[in-house]
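Remarks on the structure that follows.
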There are 2 protein chains.
Amino acid sequence: MSAAALLDRSADVSAQPAWLNTILKGDCVASLDKLPEKSVDVIFADPPYNLQLDGDLHRPDQSKVDAVDDHWDQFESFAAYDAFTRAWLLAARRVLKPNGTIWVIGSYHNIFRVGATMQDLGFWILNDVVWRKTNPMPNFRGRRFQNAHETMIWASRDQKAKGYTFNYEAMKAANDDVQMRSDWLFPICTGGERLKDENGEKLHPTQKPEALLARVMLASTKPGDVILDPFFGSGTTGAVAKRLGRNFVGIEREQGYIDAATARIASVTPMASEDLATISGKRAEPRVAFVSLIDAGVMKPGTTLYDSRRRWAARVRADGTLAVGDIAGSIHRVGAQVQGFDACNGWTFWHYERNGGLTQIDELRRIARLGMERAGA
Amino acid sequence: MSAAALLDRSADVSAQPAWLNTILKGDCVASLDKLPEKSVDVIFADPPYNLQLDGDLHRPDQSKVDAVDDHWDQFESFAAYDAFTRAWLLAARRVLKPNGTIWVIGSYHNIFRVGATMQDLGFWILNDVVWRKTNPMPNFRGRRFQNAHETMIWASRDQKAKGYTFNYEAMKAANDDVQMRSDWLFPICTGGERLKDENGEKLHPTQKPEALLARVMLASTKPGDVILDPFFGSGTTGAVAKRLGRNFVGIEREQGYIDAATARIASVTPMASEDLATISGKRAEPRVAFVSLIDAGVMKPGTTLYDSRRRWAARVRADGTLAVGDIAGSIHRVGAQVQGFDACNGWTFWHYERNGGLTQIDELRRIARLGMERAGA
DNA sequence: TTACTCATTGAATCACTAG
DNA sequence: TCTAGTGATTCAATGAGTA
């Protein structure tokens, strides 16, 4: 989307639902049920794992606990946590667009149960991403390894949903031109970023760093997308969304957190849209048919094309197909056939003679695209 | 245990059960049921990952990826995999000493199900440990993050078992005198360490590096302890156990793997006991991504960067890319493009304004590296 | 012997559009 | 919804071969 279109969209308030860029107060599942289905692009969830179990929770068969069987209580609390997890994930799934994705963050206390439940409900895991902390809390007793990371699960709505957003080229460019890995290094949230209450104590026990949320959104959303956070807490998701030109919806039960998050988000200045622009790879470029090069006169029928090492020579025909001996077809099919491969990118495989050397025909496609832009195509 | 005591114990063959330092052939659960209860100190398990591949995958050069499609990795459903997991974990738990611990390694395909089942059965998770690979396989289609790690769960037999072995001081000493973290960096198993069959092909599709097993054993076992591996495969657990003066028991179904593992272990020379305390893992040079400077707040989106002679000015964007007019990309690509070169080291080419003069952004990288080294990057 | 190029490979749940 | 066609996509190591 161009910067101008983005501005238009922001200005057209009437087109936005009332819940956009607000915090819904109340229970997570009840609030999710009030949102329209298939209405958000990405969900970021940081669910609690130290649930205070309600007193009205009973064993399925009401039986007396055998004092020897000390697994019962454990099982009971796991079962309650699983039920809670299942309920909010189901409600969240209804709200997610078919090509939307969900991020859930957790530690070893809960992430395995959450991940298994996500799989059971049909979510399709794309990656598990490790947040490595530069400055984790030490292990004071010296009885375990220092717990220096948390785990995020990134999943699409279901297995066949392939159209999710992943800004591959931007992630790669940001990572010194090699693919972004599944292990990310960030400091924990401290200092000025950490919200404090009136006593100077930390407001929220698990406030996430904005850099973590920024990476999540830059990787899996576009400007103008809607990001839902069903456990909004101190509002990091909302603050980062606003800064990065995205829309948010928060759900939170406690008024104290809602007040703090509202003030926090109000003080955020959105970034200039030219700083939000992102690179996109060839996939986003308009398609060019090989035959249109012939139509435009930049490629003449009868021209001979070669692979980079002149192992094969092909003749361009008037209808935009190539011929090598008995083999004929598109630039891609013929390129694949002569090499004995299933597939081949003809644009980069075939070359034409220019100034005594060989030039990829992809160069001609680039020129054709410039012409298309001038024509406003 | 002193070295002398260890020698005594090795000499007293009659005190050792017949199954010690052998590979039991057969089904995992059936073989476990034949072992006496509470007889092993540590279990290391590398169960099938239940990969669900859909068709072939080719590299950009059209070569086919040799994926794990072995029959032992095929399960009909999540329910079938869960039943399998539950069965072997239950059988393993009976064999484990009350103060014993268990390690299970997996990927996002299976580890969440395994972890939840472990909790259901009463195992008490001590840590989840991330194995970060220095040289993971890339994501060839550019549709996800590079899957650059696997996860290990380390758990005690139950919550109240506090007497498990954890060699805290040895781990700390091996890690430059700071606590060993839950994220470990090792290369995958290649080169001379990788077992080959008679055709020169990899013998086992998922052979683990010895360095990984060595750290597991140095952390959670003492010399003379018994380590059980119920999915023995190529026998890495046995080879490392012998080298480190520990005893092993393996369980494996396929005779081919048993033969190869037996020969492999026979060729291992045990380390001198006085050397056992001084081993540590390899460490790698930290690499800094430009975007991490933004994450850390030392570089702000919207900042203008210049080359040393201010011939070009570029704007830093939120996702870690640079923009000069229509040109956008990584610090390296943009530096190359404005100069008309094929390549450019953006770290030394671009500068930022400081105290009225220009400073290389490489200076910021040096600062970031100091922080990363502390995090064991 | 050294330096360089080129081919190979590893636990992988790896497209998208037009008709 | 299905089919056919286009065409996008890789990092770190090892090891063989060559200059």
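All chains are named by letter (A, B, ...) in the order of the sequence lines, taking the proteins before the strands, and each is independently numbered beginning at 1.
- Checking D:dT10 for Watson-Crick or G-U wobble geometry (two distances, each under 3.5 Å) identifies no partner in any strand.
- Separating the CG atom of B:Leu57 from the C1' atom of C:dA12 is a distance of 6 Å, rounded to the nearest angstrom.
- If you check C:dA12, D:dA13, C:dC14 against the side chain of B:Asn139, the one that comes closest is C:dC14.
- Checking D:dG7, C:dA12, D:dT10 against the side-chain heavy atoms of A:His332 singles out D:dG7 as nearest.
- Note on ring orientation: taking the six-membered ring where Trp is involved, the planes of B:Trp103 and B:Trp154 are parallel (angle under 30°, cut-offs 30° and 60°).
- Checking the phosphate oxygens (OP1, OP2) of D:dT6, no side-chain nitrogen or oxygen of A:Arg365 falls inside 4.0 Å.
- Side-chain proximity of B:Ser63 to C:dA7, C:dT9, D:dT9: nearest is C:dT9.
- Residues B:Gly191 and B:Phe140 both approach DNA chain D. Their nearest nucleotides, taken by heavy-atom distance, put B:Phe140 toward the 5′ side.
- In this structure, the nucleotide among C:dA11, C:dA15, D:dT10 sitting nearest to the side chain of A:Lys162 is C:dA15.
- In this structure, the nucleotide among D:dA13, C:dA7, D:dT10 sitting nearest to the side chain of B:Asn135 is D:dA13.
- Of the candidates D:dA12, D:dA13, D:dA8, D:dA8 carries the atom nearest the A:Asn345 side chain, counting heavy atoms from C-beta on.
- Atom C1' of nucleotide C:dA7 and atom NZ of B:Lys64 are separated by 19 Å, given to the nearest angstrom.
- Between B:Tyr81 and B:Phe75, the ring-plane angle classifies as perpendicular under the 30° and 60° cut-offs.
- Side-chain nitrogen and oxygen atoms of A:Tyr168 include at least one within less than 4.0 Å of the OP1 or OP2 phosphate oxygen of D:dT10.
- Distances shown here put a side-chain N or O of B:Arg194 below 4.0 Å from the OP1 or OP2 atom of C:dA11.
- With a 3.5 Å ceiling on both atom-pair distances, C:dA12 lacks any Watson-Crick or G-U wobble partner.
- Distances shown here put a side-chain N or O of B:Arg143 below 4.0 Å from the OP1 or OP2 atom of C:dC16.
- The phosphate of D:dT6 (OP1 or OP2) has a side-chain N or O of A:Ser330 nearer than 4.0 angstrom.
- At the phosphate of C:dA11, neither OP1 nor OP2 sits under 4.0 Å from any side-chain N or O atom of B:Lys208.
- Nucleotide D:dA4 forms a Watson-Crick or G-U wobble pair with C:dT17, both donor-acceptor distances falling under 3.5 Å.
- When the side-chain nitrogen and oxygen atoms of B:Lys133 are compared with OP1 and OP2 of C:dG10, none of them lie within a distance under 4.0 Å.
- For B:Arg59, the listed nucleotide lying nearest its side chain is D:dT10; candidates were D:dT10, D:dG7, D:dA8.
- Note: CZ (B:Arg144) to C1' (C:dA11) measures 14 Å, nearest angstrom.
- Distances from the side chain of A:Lys172 to the nucleotides D:dT10, C:dA12, C:dC16 place D:dT10 closest.
- A straight line from CH2 of A:Trp347 to P of D:dA8 spans 9 Å, rounded to a whole angstrom.
- Between the CZ atom of A:Phe341 and the C1' atom of D:dT6 there is a distance of 18 Å, given to the nearest Å.
- In this structure, B:Thr237 and B:Phe44 approach most closely via the heavy-atom pair OG1-CD2, 3.8 Å.
- Of the candidates C:dA11, D:dA8, C:dA12, the closest approach to any side-chain atom of B:Thr206 belongs to C:dA11.
- Ring geometry for B:Phe186 versus B:Trp184: interplanar angle over 60°, hence perpendicular rather than tilted (30 to 60°).
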Legend entry - Derivation of the side-chain contact (heavy atoms from CB on, under 4.5 Å) call for A:His332 and A:Trp347: CA-CA 8 Å; A:His332 313 295; A:Trp347 290 109; 3.6 Å; yes
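- Picking from C:dA12, D:dC11, C:dT9 the nucleotide with the shortest atom distance to the side chain of B:Asp61 gives C:dT9.
- When only modelled atom types and interatomic distance are considered, A:Gln179 and A:Tyr168 share a side-chain donor-acceptor pair under 3.5 Å.
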